[in-house]
Amino acid sequence: MWWKILTFIAMCWVIVAAFSYPAPQQQIGEASRIFYFHVPQAWVSVLAFLTSMIYSIKYLYKGNLVDDDRARAAGELGLVFCILATITGSIFAKITWHSYWNWDPRETSIFILLLIYGAYFGLRSAIEDPERKAKLAAVYAIFAFITVPFLVFIVPRVMPSLHPSDTIIDESSKEGLSMTTRMIFYPALASFSVLFFWMMDLARKVHTRERQTQEDSLS
Amino acid sequence: MPKNSISLMTKAFAVLKKDMQCEFRTRYALNAIMLFGITTLTVVSFSVGQKNLPAEVHAALFWIIIFFSAMSGLAQVFIREEEAKTSTVLRLTASPTAVYIGKLTFNLFLLFFLELIISPLFILMTDVEVRNILLLATVLALGAIGLAGATTLIAAIISKSGAKGALFSVLSFPILLPLLMGAIKATTVAFSDTGGGFSDVSSELQLLISYGVIMITASLLLFEYVWEE
Amino acid sequence: MYKLEVNNIIKNFASRRVLRKVSFSLQTGDSLAVVGKNGSGKTTLLKVIAGLIRASKGTVAYSGPNGKLSRDELQSSLSYVGPEMTLYDALTAEENLKFFATMRGLAWHLEESDKLLSKMGLNGRGRDKYGAYSSGMKQRLKCAVALLNEPHYLFLDEPTSNLDEDGKQIVGDIIERQKENGILIIATNEQKEYGLAEKLYQLDD
């Protein structure tokens, strides 16, 4: 219970502080505040992919459908966060680079992630038998995850990067994040991550309950 | 009767031979893949054939043709088994690894054949000049290995789902993206006037090699789960 | 001594429960007839036991003289013949036999094909394509493929469908031989076939 309260406090701090505390950035002004929400969203969409893959492996080993419910819940939330990250990133890009979409490496990566999530749920919806659905979806999630290192390697070579490391941060500290930024950014990352696992557990419970209700109705 | 005196590779070869025999007697996959390849090539040639396009565009068009032709035929190896209901006996009698290796090799032959026909026609019909033919051949070979390596497992997955044809490209595309990006980049160098060599694309070639090796290894590990049941 | 233990098998399809807690156990020398109306789940049960479908709940355990059978051991000691399976239409009967013999890990010669084919009453038809066979001949060839590995476990789903009197006789011989040397399960809805096996398992809706 304590961690839920802690997450709540951290979330509140992130929201209030991000809008009030750091000075507006020189080139893009107030829009720089989106950083505190956009980056954690992008992080969670990757974390969700990793989580989904881990539970997929566990499902293939143990054959327990609850692990499939977890993989599915992680995938659904990953898809939501991925869409959010794409939208906020697109707004951010419009303000910084004057165009909603540029095929910058990170934009490309998030887009590919979106495609993978889409394919994952497309596959799930095309199979009826629950055991078969769980198994094939798990294999696909693992298989798709294996391509990530290749993407990390090839995408920046093909797409020239626009993501400057210093657009968000004030001029004085080009080497890294300033103290103020860190005080907001790290809690944001942590609270988004905890929020993800919390939501995932809730979604998992819904899926498991749904499955059990259906099974009970059959007997 | 001597039991289990036959090695895995012999079994895999028997699967390949069986698929070849069925293919030559029906020409199911070969027709799909070649007709698709030639049709798209013709469309490309009509629209951009005589224009002096940059090497990047030619390379991209070339791999788009290969990708979509592959998507039209490579899933047949498994769809045919499921639709003809022959997969049951195969599943009961064969080792999954032998089945995977046999099907992978069959798809690899299909792709090599496709590339063998499409590449010269593409060069003729679009007036692209190949500056480094050895590099192009290497990229084609590595690209085919990566394509077959990644899509054979996906073909097995979709053969057990409801929406077979449509799902195949949806599931394959994100997984093939790194391969296609690397292959297009390397092909660009083979097409470009500046005359690049192997050293200019060594990291792309490394990517293609490691992609093929890793996807095939992963498929060997995962195939059992897809195939069984 | 080979054993088969089926424990509380449940199988749900999307909105229907096909199998409700099926349990039984058999050992070498036992034979079981699974009976029930159309749609009572006979085929599903046989497929679950043969490992072709995963059960929603419950387990199927196989064991031999040296304890639990490994995946490979099980595969090489099990055969199944069902109406929802076919051999390769584009291949001849001989090619089909040779292919599945290779898959079973057997060094295969033409004489063995001839021997098996004549046993099944298909002599002289080995060079014909499976696709050109009549449904009764197809059924005979499917049985021939199932016998390649001299299975300890033999599961026959409606084995006599489409067969003439000679064919029924051949299947009857297969059943008798299996009852001596291994475990046999047949699924059927023909009253007169109930007697082919020693035990009876009734599936109800």
Side-chain angles (χ1 to χ4, degrees), chain B residues 1-31 76-103 106 160-162 223-229, chain C residues 14 43 46-48 50-55 71-92 95-109 112 115-116 129-131 138 141-151 153-155 157:
Chain B
M1 261 182 269
K3 289 233 166 189
N4 284 322
S5 53
I6 287 175
S7 75
L8 182 69
M9 277 304 145
T10 317
K11 290 181 188 173
F13 181 73
V15 174
L16 172 67
K17 190 179 150 205
K18 184 269 301 174
D19 275 334
M20 289 276 190
Q21 278 173 332
C22 291
E23 183 59 43
F24 280 124
R25 291 173 195 179
T26 57
R27 300 226 173 75
Y28 208 39
L30 199 65
N31 280 349
Q76 291 304 337
V77 270
F78 285 108
I79 291 180
R80 186 161 44 194
E81 299 271 4
E82 294 295 332
E83 283 181 349
K85 291 171 181 159
T86 48
S87 55
T88 309
V89 205
L90 193 58
R91 195 164 291 137
L92 285 167
T93 54
S95 103
T97 312
V99 173
Y100 176 75
I101 298 174
K103 302 281 185 191
F106 179 77
K160 297 211 178 166
S161 74
F223 182 70
E224 211 174 293
Y225 296 100
V226 180
W227 180 244
E228 267 181 11
E229 117 204 62
Chain C
T43 298
L46 253 62
K47 282 188 170 175
V48 168
L52 292 165
I53 305 181
R54 195 186 268 211
R71 221 192 59 88
D72 289 347
E73 285 171 334
L74 177 61
Q75 193 180 41
S76 64
S77 55
L78 181 151
S79 275
Y80 163 85
V81 179
E84 288 176 25
M85 59 183 243
T86 54
L87 308 179
Y88 293 99
D89 275 350
L91 300 184
T92 65
E95 284 166 343
N96 267 302
L97 281 177
K98 178 155 203 280
F99 173 68
F100 288 111
T102 312
M103 290 298 107
R104 287 290 194 192
L106 309 168
W108 196 248
H109 304 291
E112 283 164 294
K115 223 164 70 189
L116 196 53
K129 285 208 180 129
Y130 178 76
K138 285 181 176 170
L141 194 63
K142 284 191 313 197
C143 289
V145 167
L147 294 179
L148 283 171
N149 58 331
E150 297 165 355
Y153 303 94
L154 181 63
F155 308 136
D157 190 356

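As the structure is a computational prediction, the values presented were derived from the model and not from experiment. By convention in this document, chain letters (A, B, ...) are assigned in the order of the sequence lines, proteins followed by strands, and residues within each chain are numbered from 1.
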Under a 4.0 Å threshold between the charged nitrogen and the carboxylate oxygen, would B/K18 count as salt-bridged to C/E95?
no
From B/K85 atom NZ to C/L87 atom CG, the distance as rounded to the nearest 0.5 Å:
13.5 Å
Could you tell me which portion of C/Y88 (side chain, backbone, both or neither) has an atom closer than 4.5 angstrom to a non-hydrogen atom of chain B?
both
Segment of C/K142 engaging chain B (4.5 angstrom heavy-atom cut-off)
neither
Can you tell which part of C/V145 gets under 4.5 Å to a heavy atom of chain B, answering side chain, backbone, both or neither?
side chain
Part of C/I53 lying under 4.5 Å from any heavy atom of chain B
backbone
Looking only at heavy atoms, the pair that brings C/A90 and B/R25 closest together is O-NH1, 2.7 Å
Spacing of C/Q75 atom CD and B/S95 atom OG [to the nearest 0.5 Å]:
7.0 Å
A quick test of your reading: do over 12 heavy atoms of other residues, nucleotides or ligands sit less than 6.0 Å from OH of B/Y225?
yes
Which pair of heavy atoms, one from B/A14 and one from C/M103, lies closest together, and at what distance?
CB-CE, 3.8 Å
Heavy-atom count around C/K138 NZ within 6.0 Å, excluding the residue itself: above 12?
yes
Are more than 12 heavy atoms from other residues, nucleotides or ligands located less than 6.0 Å from atom NZ of C/K98?
no
Using a 4.5 Å cut-off on heavy atoms from C-beta on, say whether the side chain of C/L52 contacts that of B/R91.
yes
What's the verdict on side chain to side chain contact (heavy atoms under 4.5 Å, CB included) for B/V15 and C/F99, showing C-alpha distance, side-chain angles and the deciding distance?
CA-CA 8 Å; B/V15 174; C/F99 173 68; 4.2 Å; yes
For a quick test of reading the model, state the closest non-hydrogen atom pair linking B/L92 to C/R104 and the distance between them.
O-NH1, 3.5 Å
By a 4.5 Å heavy-atom criterion (distance strictly below it), what part of B/E224 contacts chain C: side chain, backbone, both, or neither?
side chain
Closest approach of C/T86 and B/V89, non-hydrogen atoms and distance?
O-CG2, 3.5 Å
Hey, does C/R71 have a side-chain heavy atom less than 4.5 Å from the side chain of B/P96?
yes
Name the option with the most non-hydrogen atom pairs under 4.5 Å to chain B; the candidates are C/N96, C/V48, C/T102.
C/T102
Per-residue contact mode, B/L8 against chain C (heavy atom under 4.5 angstrom)
neither
